[in-house]
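One structure is given below, encoded as structure tokens.
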Amino acid sequence: MATKEKLLLKLKETLVDYSKEEIDRILKAYEFADIKHQGQKRASGEEFITHPLSVAIILAEMKVDRDMIIAGLLHDVVEDTDSTKQEISNIFGKNVSNLVAGVTKISKLKPLKYNESESETIRKMLVAMTNDIKIIIVKFADKIHNLDTLNFLPSEKRKKIVNETLEIYAPLAGKLGMHFIKDKLEDLSLRWVNPEVYESIKGYFDRTEKDRERTKKLIAQKLSEKLSEIKIPFTIKSRAKHYYSIYNKMKKYTLKIGELFDLYGIRIITDNIQNCYQIFGAVHNLWQPIPGRFKDYIANPKKNGYRSLHTAVIVEKRKVVEIQIRTQEMDEFNEYGVASHWFYKTGEKPNTIELKWLKKLVEVHKQALSPEEYYQVIRDDILKDEIYVFTPKGDSFEMPKGATAIDFAYRIHSEVGHRCIGAKANGIIIPLNRPLQNGVLVEILTSKISYPKQSWLSFVKTANARKKIKSRLAVNEKEEKIKAKKESDEKEISLLKSNKKLKFISKKSASKTKYEVEINGEKNFLYNFAKCCKPVPKEPIVGFISRGRGIIIHKKDCYNLNHIKDFGKRTIEVNWI
Ligand code: MN
């Protein structure tokens, strides 16, 4: 159990880079919070002050500014003690009291329904974030420490918190370039999502620690020999690999931890860009690089501003080591993103950072969405990684990763979505439920008489498409009801007229029998049976992609097929179900 004395010592150690004036002020805030929380306990039985202290340590590790650390220490004071915003403002200034109030506002909201409170909290948080990103950073630190102490909560509540962390908080940290936070949130969640895997990964790193340390020393030694002639300064650190990404790899390839091969990571930090490339050259000179693993994120930064050189080389016998090379400034920014020191010092937004999604966020806040819809839009449309897809005209669209042709069709226009009967990626028909690849050219095949299928809801990825499909299906249902009513009325009348009740019904139901086929293994296409050859089940058949009428199913030996120009190019395999 961490005592407040131990934590206070750790906080002081973490503050070495801060000025004496800053440290004094932070410690004054600690004393204030300690007195206010006197006698309060956490669910773990620890003194309550250990929580704000831990939050402050996390913030200090990120080297955020003084007021944010103070806000970390005071973040629960207004909510849980008799202290007021005014009091904090008087002692610590308006800046601090605004931060504390912001964090309090985020967590205090407690409407009637539990689910509603979650998405409302997230909405509040994101609105607050667009005003002051510092509030979010303090909130992240709060979240990290709470995740670390989840074992004292009932399992249902824990599950909810972990889901929310993986769906919203971690991706959000990633978008803001705060990998330090993203990795921590994900790794802490993994402990609850899959404790066995977590332990196996942890066990592996504990067991291999000495060997990794040895490899690091070897690399450092060879590199400094190589670089001493040209006098390039560098520091080298072995990198704690991110457990959650290892877990994802294990899941993807169904491998055990020992079967993954590049678990050794090294980071080399130097003073300027030119030296990054010099070191990179030396590394490839000393050890055999693995083809395809070199990535230049300095020349081509990631959208969240991440910059680094990446490569993987074989050190000693078959040992693969992943190497990252970057400057100090890049390293800080890669870890802490918008929370990084120089970002605040200079106050300027790096032009490499892509904040387009922040604008999207503001747009979402203008829409009138239910709490549930809001949560889905944020999770599925705003925070997912993006891919780019192109229209035949060459326009590019940004789509969340995992989006399908149907999502894309709805993105272009609601009517395109409603009328979609099939899609091609780079000229080849693709199943409508398959996630689109980055960079493909997508052509949506439509039909004027088509409308959305219920089954689409099971695979679309964007909240936008889901919402439009649902509302169109609702309209259909209404129309069908009216039509059905009309039909049954007419039937009634004709029955009364003809008085041949039984015969009529049997005839009607027979004509309704519909044979079903699947196209390329997919059932979601619009198709019609050719009127010329009228295929029936078991006869060999072939599909023809018509212009505007979906896919027409002919008998394979239909005479008419010989007369269609470019028939070969437009055929598609179909099978009876
Ligand atoms: Mn808290």
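When a ligand or atom number is given, it counts from 1 through the structure's own listing order. Atoms considered below: every heavy atom in the structure, side chains included; atoms not considered: hydrogens, waters and symmetry mates. Note that this is a predicted model, so its numbers are computed, not measured.
- Protein atoms of type N/O/S that fall under 2.8 Å from the Mn ion (ligand 1) number 4 in this view.
- You'll find the ring centres of H75 and H145 outside the 6.0 Å limit.
- Residues meeting the salt bridge (charged side-chain N to carboxylate O under 4.0 Å, His left out) test with K202, sequence neighbours left out: D206.
- Taking the six-membered ring where tryptophan is involved, the planes of F48 and H37 are tilted, since the angle between them lies from 30° to 60°.
- Aromatic pair F32/F92: ring centres closer than 6.0 Å.
- Of the candidates K143, K184, R191, R191 is the only one forming a side chain to side chain contact (heavy atoms under 4.5 Å, CB included) with D148.
- Looking at I70, V78, L99 one by one, the single match for side chain to side chain contact (heavy atoms under 4.5 Å, CB included) with I88 turns out to be V78.
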